[in-house]
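I have a structure I would like to understand better, so I am pasting it below and will then ask my questions one at a time.
Sequence lines set the chain letters: A, B, ... in the order given, protein chains first and strands last, and positions in each chain run from 1.
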Amino acid sequence: MDCRDLRDDVLDVLYGEASPASEARVRDHVASCGACRAEMDGLSTVRRDLQAWAVPPTMTTRRPRLASAWRPALAWAASVALAFGGGLVFAGMEMHVANGRLRLTSATEERIQKLIDEQEARHRAEIESLQARAALPSDEVLRHIDRLVAESEARQTRRVEGQLVEFARRVDGQRRDDFARVNAGLALLEGQTNHDLARATELMGYVLQAAHEPR
Amino acid sequence: MARTDEELVDAFQRGESAAFDELLSRWQRRILGAIYRVVGREEEARDICQEAFLKAYRALGSFKREARFSSWMYQIALNLCRDRLRRRKGRTLLALDDAGAVDEMLPGLHGDATGEVESRDLAQLVSRAVGALPAEQREVIVLKEYEGLTFTEIAETLQVPVSTVKTRLYRGLVVLRGELERRGIRGAAAVAVPVP
C-alpha cells in the first residue's frame with residue numbers, strides 16, 4: 001500500500017475521528033512501515049508542541065456579563081406598574097413610556113445598539129477626516145498658488161526676452177559684417193573700373209594726338 | 001436544561017432577542033480566541049470579534065440553517081480576518097522567508113545541548129511559526145488544533161471538501177514540525193514521506 005493513500009486515515013486516527021476500519025488499516029500499516037510510524041510520531045509531537053501556545057489571559061477575561069434571560073413574570077408586573085407612567089429598569093430590561101406607549105428594550109438590544117452607534121460614529125469620524133483632507137484649498141492656498149504661477153511665468157518671459165535680444169544682436173552683427181564685405185567688394189570693383197577708365201582715357205589721348213600730327 | 005444553538009436561533013427568529021445574548025455568551029470567547037490566533041494581534045482580534053457578532057446579530061433573522069450556527073459564526077469571523085489580513089497587503093503575519101527576522105527577535109532560541117527550550121519561549125516560537133503559515137493552512141490548524149472542530153465542521157465552515165481540509169492540515173503540520181525542529185524543539189526526525 002502506498003503510504004500517501006493512508007494519509008487521510010492517519011489524520012483521522014491522530015484526531016480520534018477514525019472509524020474502526022480506518023484504525024485497523026493504519027495500525028496494520030504502521031506495524032510494518034517504519035517511515036509511517038515515525039511520521040505519526042512526528043505529527044503527534046508537533047501537536048503537543050502546538051498546545052504550548054495559549055491565548056493571552058487578557059483575551060479570555062470575560063466582558064461584563066450581558067443581561068441574563070429576562071423574567072417574563074417580573075416584566076409583566078413592571079408593565080402593570082408602568083401603566084401609571086414613569087420608567088422602570090430591572091433585571092436587564094428597560095422600559096420607557098414614550099408618546100403614551102409602553103416600550104420595552106432589553107439590555108441586549110441596547111448594548112447592540114450602543115455598539116452599532118459607536119461603530120457608526122467611528123466611521124463618520126473617518127469619513128469626515130477623509131473629506132477634510134480632500135477638501136478644496138483655502139483662499140490663502142489659492143493665492144499662494146497664483147503667486148507661484150505668476151513668478152514662473154515672469155521667469156519664462158525673461159528667459160524668452162533674453163533669448164530674443166541675443167538673437168537680434170547676432171543678426172545685427174552678421175548684417176553689419178555682411179554689409180562691410182559688400183562695401184569692400186564694391187569699392188574694389190569701383191577702383192578697378194576707375195583705373196581702367198583712366199587708362200583708356202590716356203590711350204585715347206595718345207591716339208588722338210597721333211592722328212593730328214603732320215606726316 | 002440549556003437550549004441548543006439551534007433552539008436559540010429559533011427563539012431569536014421568533015422575536016426573543018435575549019436568545020442572541022445567550023449565543024453571544026456561549027461563543028464569544030471561542031470566536032475571539034480563534035480570531036486572535038489567525039490575525040495574531042490582540043486589539044485587532046477584539047475589533048474583529050465585535051464586528052463579527054454585530055454582523056451575526058444583523059443577519060441572524062434570516063439565517064437559513066444550511067450550516068450549524070457555530071460554523072456560520074466561525075465563517076463570519078474568518079471572512080473578517082481575511083479582509084483584515086488582505087489590508088495588510090496580503091502578507092502573512094511573518095513569512096518563513098523572514099526566518100532571519102525571527103532569529104533576531106528570539107535570540108539564542110536554538111535549544112541547548114538537550115534541545116529543550118523553555119515553555120514560554122516555545123509558546124512564542126509556536127505562535128510565530130503558526131503566524132508564518134499561509135492563511136489557508138493557518139485557518140485549518142487553528143480550527144482543528146485549538147478550536148477542536150471536526151473535519152466535517154471545518155469543511156462546512158470553510159466551504160471546501162473534507163479532503164481539502166486534511167490536505168491543508170497535513171501540510172501545515174509538516175511545515176510546523178520542520179520549523180520547530182529547525183529551532184531545536186524536541187520532535188521526531190524528519191521523515192522522507194512524500195507529500196502528495
Check your understanding: If you count the non-hydrogen atoms of other residues, nucleotides and ligands that lie under 6.0 Å from CD in B:Glu136, is the total more than 12?
Key ->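 Incorrect, the count does not exceed 12.
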Review point. Say you draw a straight line from CG of B:Leu173 to CG of A:Leu14; how long is it, rounded to the nearest 0.5 Å?
Key: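 Answer rounded to 0.5 Å: 8.0 Å.
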Review point. Quick one: are B:Arg177 and A:Thr45 in side-chain contact, heavy atoms under 4.5 Å?
Key: no
Exercise for review: Mark yes or no for whether B:Tyr170, through its side chain, and A:Asp8, through its backbone, hold a donor-acceptor pair below 3.5 Å.
Suggested key: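 Pair absent, no side-chain N/O of B:Tyr170 close to backbone of A:Asp8.
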Point to revise | Separation of B:Leu122 CG from A:Arg48 CZ (nearest 0.5 Å) | key: 11.5 Å
Review point. Which of parallel (below 30°), tilted (30 to 60°) and perpendicular (above 60°) describes A:Trp53 and B:Tyr146?
Key: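 If you compare the ring of A:Trp53 with that of B:Tyr146, the planes turn out perpendicular.
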Point to revise | B:Arg29 side chain near A:Val55 side chain, heavy-atom distance below 4.5 Å | key: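 Counting from C-beta outward, B:Arg29 and A:Val55 never come under 4.5 Å.
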**Study point:** Pairing of B:Lys144 and A:Glu17 as salt bridge, 4.0 angstrom limit
**Key:** yes
Point to revise | Taking every non-hydrogen atom, the tightest pair across B:Ala123 and A:Ala52 | key: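 Between these two residues, the closest heavy atoms are CB-O, 3.3 Å.
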Practice item. Give, for atom CD of B:Glu145 and atom CG of A:Asp49, the distance between the pair rounded to the nearest 0.5 Å. Key: 10.5 Å
**Study point:** Heavy-atom contact with chain B under 4.5 Å, split by part of A:Arg122
**Key:** side chain
**Study point:** Closest non-hydrogen atom pair, B:Ser163 against A:Arg7
**Key:**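 Scanning both residues, the minimum pair turns out to be O-NH2, 4.3 Å.
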Review point. So which of B:Val162, B:Leu176, B:Thr150 has the largest heavy-atom pair count under 4.5 angstrom toward chain A?
Key: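 If we count pairs closer than 4.5 Å to chain A, B:Thr150 comes out on top.
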